Amino acid sequence: MGEIYRRTDMCGALCLKDAGREVVLNGWVAKRRNLGGLIFVDLRDKTGIVQVTFDDKASRELLDRADSLRSEYVIGIKGVVKERSAKNDRLGTGEIEVFARDMVIYSSSETPPIYIKDDDNVDDNLRLKYRYLDMRKPHMQRNLSFRHRICKIARDYFDENGFTEVETPILIKSTPEGARDYIVPSRVYQGEFYALPQSPQLFKQLLMVGGTDRYIQIAKCFRDEDLRADRQPEFTQIDLEMSFATQDDVIEVQEGFLKRVFKECMNIEIETPFPRLSWEEAMERYGSDKPDIRFGFELKKLNHLFENCEFKVFTDCLEAGGDIRGICVDGGSAAFSRKDIDKLAEMTKQYGAKGLIWIRVNEEDIISSVHKFFSQEELKKIALEFNAAKDDIIFLVSDKAKVTFDSLGFLRRECAKRMGLLKDDEYKLLWVVDFPMFEENDEGAVTATHHPFTHPKCEDIHLLDSEPLKVKADAYDIVLNGVELGGGSVRIHERELQEKMFKVLGLTQEECEEKFGFLIEAFKYGAPPHAGLAYGLDRLVMLLLGEASIREVMAFPKNQNAQCLVCGAPAPVEAVQLDELGIGLKQEDIRS
RNA sequence: GGCCAAGUAGUUCAGUCGGUUAGAAUGCCAGCCUGUCACGCUGGAGGUCGUCAGUUCGAGCCUGAUCUUGGUCGCCA
């Protein structure tokens, strides 16, 4: 083992004030420029890059070694900081350079398979395979340290507010509601399995019963579902629970937290309290339970205009109990060509919309894809409903309520995006509250919108038996620019109410006992009223950094097929290991 | 599982109507170069055009299948 230079400074931290100082730096060679007898090396560490200069005051031997440097060699430098004669204002340390007196080469490097530069555009899988190279990029280092800062603020802030960080178990029991569980076989009890937690939900509620009063955890969670740009199978929540707390209490504490995150991480003062929208209002106005309120284009229900119209598509839809809703995109007629509109119509199809009707408002007349069925008078009436002006375009969708919400909700955002209205330095936070307690799934069964531990609104409890779909819940989501940052609820702490909930959801006594018996049991012994919330940490970081993918804010994310390209997981295991677990595999199931 | 897009040099891409030896940039290697910072100049190496099959005198290009990847819908209590 050779000598390791004892570092005095970080590369990116050096500035004009340091001129004249002797410094010792360690880092990677980002770039070597040999001008013949004068060699520059850009030295990189996690804080940035500084130029190291080897000139004729260095020995021949040192110059030769400097000449032998290649990209990504790991070196140490002893040298003197000097003000530059030719400054580089594109480099943070561009006012100075370090004249090398001595150098140690710790490691050489083969030519890296990817460029280590922020503005490159390398295939995602190469980046993930060589993540340890990819993360040398300044923006990856920035993202990781930004993520760390948010975690630190969370720990500090919640600590100051009386929260205790508690770790909950990773090996738990499978409760196959909601997302698929990751399953871990037990060796000791063959044929039995642990599951990895989808969230610490039940355990944090037990912590409340256990008198922890206020709990926080930066918790790894696991869901075996398909991936998306903002969804990974293993992700991190900032998970919280408070005893003796109402919805307002939780919201107040969280607004304080987010205010601090924005102040300390973004240097932005955000106004509290955040606006609150009921779920119903969010859906009616924005077609989404996580609305982006940075722009308008609000939805309107137009059933009343079309009850006696000539257009069979509309009348049939209304008779079938569907709705006709629309949005008016200000300036959209001027912004979108016929081709653009066709594209938009095509895109709304994935949300179930069978067709997209457009109405262009011009100076004199109104042009529409359904002009055959409507007079100018009638079209003007529609335009009036939206207060539409020249150059605006109105889009209409008729279908089941859900389809109109989904497709128009998508459309308003897509139009805003195409018109450049989504400014990434604008942050609009809001709470969506009063979620419905239950939803009906395709088979007509009643399922919990949030989860079965959510407290129904007290005034709706009497509807649980008769009209469960009308019951609203004390559940709330925090939404930022159209992204759900987190969600939570007041929990049920009454054993009888919890049992009733399970019953409404169609769980038998045995199933309840089997799945959640331990929680019901705990509620027998004095459960405090409690409420909580969990943030998707990855999404929060991603949004604040303006990253398009959750992978940019995780050190070692999985690719879309849930593989870890760094280590090669998932992978087969030795037959011996399976034997120990009592697991046999069907040959045809094995991926070759 | 459905839909959309992509796959050509280490990397990012171009490749016209199916036609000579598949190009560029960057990176890499060698030489020259004392103020560069995307250093410059000269030269060089580097290709299973994802894979398989088909059409054709001839396929990077057309057809089919398949694999891989990204995005998305379903899914994500």
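What you see is a predicted model, and the numbers here were worked out from it, not measured in a lab. Residue numbering restarts at 1 for every chain, and letters A, B, ... go by the order of the sequence lines.
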**N/O donor-acceptor pair, side chain D56(A) with base rU34(B), under 3.5 angstrom** = yes

**Prompt:** Under 4.0 angstrom, heavy atoms only, what part of the nucleic acid is F502(A) near: base, sugar-phosphate, or nothing?
**Reply:** nothing

**Prompt:** Nearest of rU69(B), rG35(B), rU72(B) to any side-chain atom of Q563(A)?
**Reply:** rU69(B)

**Asked** Considering only side-chain heavy atoms of R228(A), which listed nucleotide, rG70(B), rC75(B), rG35(B), is closest?
**Response** rC75(B)

**Request:** Could you tell me which nucleotide pairs with rU36(B) by Watson-Crick or G-U wobble geometry, both distances under 3.5 Å, or answer none if nothing does?
**Result:** none

**Prompt:** What nucleotide among rG70(B), rU34(B), rA38(B) has an atom nearest to a side-chain atom of R551(A)?
**Reply:** rG70(B)

**Pairing partner (Watson-Crick or G-U wobble, both distances under 3.5 angstrom) of rC52(B)** = rG64(B)

**Prompt:** Taking the side chain as C-beta and beyond, is there a heavy-atom pair between R223(A) and S199(A) under 4.5 Å?
**Reply:** yes

**Fill in**
From CG of D89(A) across to P of rU36(B) the rounded distance in Å is 14 Å

**Any N/O donor-acceptor pair, Q350(A) side-chain to rG2(B) base, under 3.5 Å** = no

**Item:** Base paired to rG70(B) (Watson-Crick or G-U; both N/O distances under 3.5 angstrom)
**Value:** rC4(B)

**Asked** Of all the choices, rG10(B), rU34(B), rC28(B), which nucleotide is nearest to the side chain of T111(A) once you look at every atom?
**Response** rC28(B)

**Request:** Would you mind classifying the nucleic acid contact of N559(A) as base, sugar-phosphate or nothing, using non-hydrogen atoms under 4.0 angstrom?
**Result:** sugar-phosphate

**Asked** Reckon A86(A) touches a base, only the sugar-phosphate, or nothing at all at heavy-atom distances under 4.0 Å?
**Response** base

**Message:** Is it the case that the base of rU26(B) and the side chain of Y115(A) share a donor-acceptor contact (distance under 3.5 Å, atom types as modelled)?
**Reply:** yes

**Same-atom distance (C1') from rA9(B) to rG71(B), integer angstrom** = 27 Å

**Asked** Are any of N561(A)'s side-chain N or O atoms less than 4.0 Å away from OP1 or OP2 of rU69(B)?
**Response** yes

**Prompt:** Which one, rA77(B), rU11(B), rC76(B), comes nearest to the side chain of R231(A)?
**Reply:** rC76(B)

**Prompt:** How far does SG of C415(A) sit from NZ of K417(A), to the nearest 0.5 angstrom?
**Reply:** 11.0 Å

**Asked** Among rA77(B), rU68(B), rU11(B), which is the nearest nucleotide to the side chain of V122(A)?
**Response** rU11(B)

**Request:** Check whether any side-chain heavy atom of T454(A) sits under 4.5 Å from a side-chain heavy atom of M437(A), and report yes or no.
**Result:** yes

**Request:** Confirm from the modelled atom types if R84(A) and rC37(B) form a donor-acceptor pair under 3.5 Å, side chain to base only.
**Result:** yes

**Message:** Side chain of Q51(A), heavy atoms from C-beta onward: which of rA77(B), rU72(B), rG35(B) has the nearest atom to it?
**Reply:** rG35(B)

**Request:** Tell me the partner of rG23(B), counting only Watson-Crick (N1-N3 plus N6-O4 or O6-N4) or G-U wobble (N1-O2 and O6-N3) with both under 3.5 Å; none if nothing fits.
**Result:** rC13(B)

**Message:** What contact category does L505(A) fall into here, base, sugar-phosphate, or nothing, at under 4.0 angstrom with non-hydrogen atoms?
**Reply:** nothing

**Complete:** Quick note, S71(A) side chain, CB onward, closest among rU69(B), rU36(B), rC28(B) is rC28(B)

**Asked** Between rA77(B), rU72(B), rC39(B), which nucleotide has the shortest distance from any of its atoms to the side chain of Y351(A)?
**Response** rU72(B)

